[in-house]
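Every number for a ligand or one of its atoms is a count from 1 in the order of the listing. Heads up: numbering here begins at 1 and tracks the sequence.
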Amino acid sequence: MTLVSDPSAPRITLVGATGAVGNTLIRLIEERGFRYRGISLVASARSAGREMTVDGRSHRVHDLDGFDFSDTDVAFFSAGGSVSEKWVPTAVAQGALVIDNTSAFRMDPDTPLVVPQVNAHELDRRPASGVIANPNCSTIPLVRLLQTIEERWGIRQAVVSTYQAASGRGHSGVAELYEASRISLEDHEAMGPDEEFTPSLAFNVVPSIDRLLDNGFTFEEQKMLQESRKILGLPHLDVTTTCVRVPVVNGHSEAAWIECHNPVDREEIVRRLAALSEVTVHDEVTVGAFPTPRTAGHPDHVHVGRIRVSPQNPRGFWLWIVADNVRIGAALNAIQIAEALTERGVL
Ligand SMILES: NC(=O)c1ccc[n+]([C@@H]2O[C@H](COP(=O)([O-])OP(=O)(O)OC[C@H]3O[C@@H](n4cnc5c(N)ncnc54)[C@H](OP(=O)(O)O)[C@@H]3O)[C@@H](O)[C@H]2O)c1
């Protein structure tokens, strides 16, 4: 039980409590024994009135429209960028510290963008904006590995291809993948629904995530560049990406080619990555020993395998990365931000 009467424990509000990230936040609060003095669950009018269980107690879901944040110490927003743009300023004005899972405030100069394993020092004081942003789900596992590589060898360029699961689009993305798969299995010519993923994701891969920008990149690809630079404090870091949606239910993967300024040593890469907190290196060189979204293991670890230094270029090497996008890429990172704030007495 993590509901406590301690007046120093925070009162929490979860906006988007009924969604994939919101549900996972609830499970993580329970699993990690995150101490709170009160909890409010908030979603749209569609879910208002529904009952949800936290720590064995039933809670009614409130409609965000008209919700009063003045009894909230920390509000987690996981209901989409436009919802955050509209309601985060209200929550802050009413006194809540906001941890935002959307892209709405990530590049705001007054808003720290935090991966606690990388830049927890950003949490030493309450930010001027009243908001702490949670980075993009593919950026989080990548920067957790890049930091030690940058410190040791200096990164000249990282070229990354992502393989992103349907759950990155929340409950409706997963539902659409199952429905489209069912339709395609019954009729191999039929494509199935394509509202969340265009064209349909069943038995397909879609090399376009989020909106297309004028320069030909997608917003998802731009986020990985800009957010990596901000988190690592490297304004000239060269990260170039192709973001691809694949018909996987949950768990994003990334193939990363990293070229450094100095020659690298494979054993030292393995040793350095294995020493990182909550990172598992899968270094057995046998088929099937590499991590995959369904078999990687601990859902709260970043999994790395297939570490290969190029025979043609002693400065370059490949990593294969797998991480749970809903946990590591959103809810877990957000809870770890809240835990770090509590440890520092900021919350
Ligand atoms: N899924 C991931 O891997 C992931 C990773 C990183 C970041 N994120 C971000 O986290 C956010 C939530 O994603 P998700 O995957 O949890 O999506 P989801 O499963 O579709 O859930 C969306 C949640 O937002 C609520 N919502 C939608 N419109 C609302 C409105 N107008 N007012 C109040 N609540 C509203 C929904 O409530 P109802 O039940 O009432 O519809 C639901 O609780 C998104 O911004 C997403 O980009 C997701």
Side-chain angles (χ1 to χ4, degrees), residues 13-28 40-52 54 59-67 69 75-88 90-91 98-106 113-115 131-143 162-178 195-197 209-211 218-220 223-224 227 231 243 245-246 248-254 293 299-300 322-337:
T13 293
L14 304 183
V15 178
T18 54
V21 175
N23 266 283
T24 307
L25 276 165
I26 292 172
R27 296 290 85 81
L28 284 167
S40 300
L41 307 183
V42 177
S44 78
R46 289 181 292 274
S47 303
R50 197 179 132 184
E51 295 284 327
M52 293 178 74
V54 187
H59 295 265
R60 197 166 56 80
V61 175
H62 302 277
D63 186 349
L64 176 58
D65 201 352
F67 183 79
F69 287 89
F76 295 85
F77 271 73
S78 318
S82 57
V83 173
S84 285
E85 277 166 19
K86 181 170 178 194
W87 291 103
V88 163
T90 304
V98 169
I99 300 174
D100 186 36
N101 269 306
T102 79
S103 59
F105 299 95
R106 286 177 190 157
L113 181 64
V114 178
V115 177
V131 184
I132 296 156
N134 213 49
N136 170 269
C137 45
S138 296
T139 307
I140 292 171
L142 182 68
V143 295
T162 69
Y163 305 75
Q164 298 185 214
S167 63
R169 288 286 297 171
H171 285 326
S172 50
V174 173
E176 183 173 294
L177 174 60
Y178 279 129
E195 278 171 34
E196 298 292 340
F197 311 111
I209 299 179
D210 214 321
R211 64 180 193 273
T218 62
F219 187 44
E220 188 81 351
K223 283 182 244 174
M224 286 190 72
E227 295 179 19
I231 298 160
C243 290
R245 191 73 70 183
V246 295
V248 167
V249 173
N250 189 51
H252 287 359
S253 306
E254 302 178 33
D300 295 343
V322 175
D324 186 318
N325 48 292
V326 180
R327 291 174 79 101
I328 290 179
L332 177 64
N333 197 75
I335 285 289
Q336 289 179 322
I337 288 172

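Distances below 4.0 Å separate heavy atoms of Gly170 from the following atoms of ligand 1: 14 (P), 15 (O), 17 (O), 18 (P), 19 (O). Near Ser44, the atoms of ligand 1 lying under 4.0 angstrom from a non-hydrogen atom of the residue are 29 (C), 30 (C), 32 (N), 33 (C), 34 (N), 35 (C), 37 (O), 38 (P), 40 (O), 41 (O). Numbered from 1 in the order shown, with element, the atoms of ligand 1 that lie under 4.0 Å from a heavy atom of Ala43 read 33 (C), 34 (N), 37 (O), 40 (O). Less than 4.0 angstrom separates some heavy atom of Gly168 from each of these atoms of ligand 1: 1 (N), 2 (C), 3 (O). Counting atoms of ligand 1 from 1 in the listed order, those under 4.0 Å from a heavy atom of Ser167 are 1 (N), 2 (C), 3 (O). Interface of Ser47 with ligand 1, defined as ligand atoms under 4.0 Å from a residue heavy atom, comprises 38 (P), 39 (O), 40 (O). Atoms of ligand 1 found under 4.0 Å from any heavy atom of Thr18 (numbered from 1 in listed order, with element): 36 (C), 37 (O), 38 (P), 39 (O), 42 (C), 43 (O). Interface atoms of ligand 1 facing Asn325, defined by a heavy-atom separation under 4.0 Å, are 3 (O), 5 (C).
Residue contacts with ligand 1 for Val83 involve side-chain atoms from C-beta outward but no N, CA, C or O (heavy atoms, distance under 4.0 Å).
Of the candidates Gly80, Ala334, Gly329, the one placing a heavy atom closest to atom 44 (C) of ligand 1 is Gly80. The residue from Ala165, Ala45, Ser82, Ala79 that puts a heavy atom closest to atom 26 (N) of ligand 1 is Ala79. The residue from Thr24, Asn101, Asp63 that puts a heavy atom closest to atom 8 (N) of ligand 1 is Asn101. Residue nearest to atom 12 (C) of ligand 1, selected from Ala48, Gly19, Ser78: Ser78 (by heavy-atom distance).
When side chains are defined from C-beta on, His62 does not count as touching Thr13, because their heavy atoms never get closer than 4.5 Å. For the pair Met52/Val61, a side-chain contact is recorded, criterion being any heavy-atom separation below 4.5 Å from C-beta on. Side-chain contact check for Val88 versus Phe105: some heavy-atom pair is nearer than 4.5 Å.
Between the side chains of Asn325 and Gln164, no donor-acceptor pair of N or O atoms lies under 3.5 Å.
Distances between N or O atoms of Gly22 and those of ligand 1 include no value under 3.5 Å. In terms of polar-atom proximity, defined here as any N/O pair under 3.5 Å, Arg169 makes no such contact with ligand 1. In terms of N/O distances under 3.5 Å, ligand 1 is approached by Arg46. Residue Cys137 has no N or O atom closer than 3.5 Å to an N or O atom of ligand 1.
For Glu51, the CD atom is densely surrounded, since the number of other residues' heavy atoms within 6.0 Å is greater than 12.
Heavy atoms only, all atoms of each residue included: Ala17 and Leu41 are closest at CB-CB, 3.8 Å.
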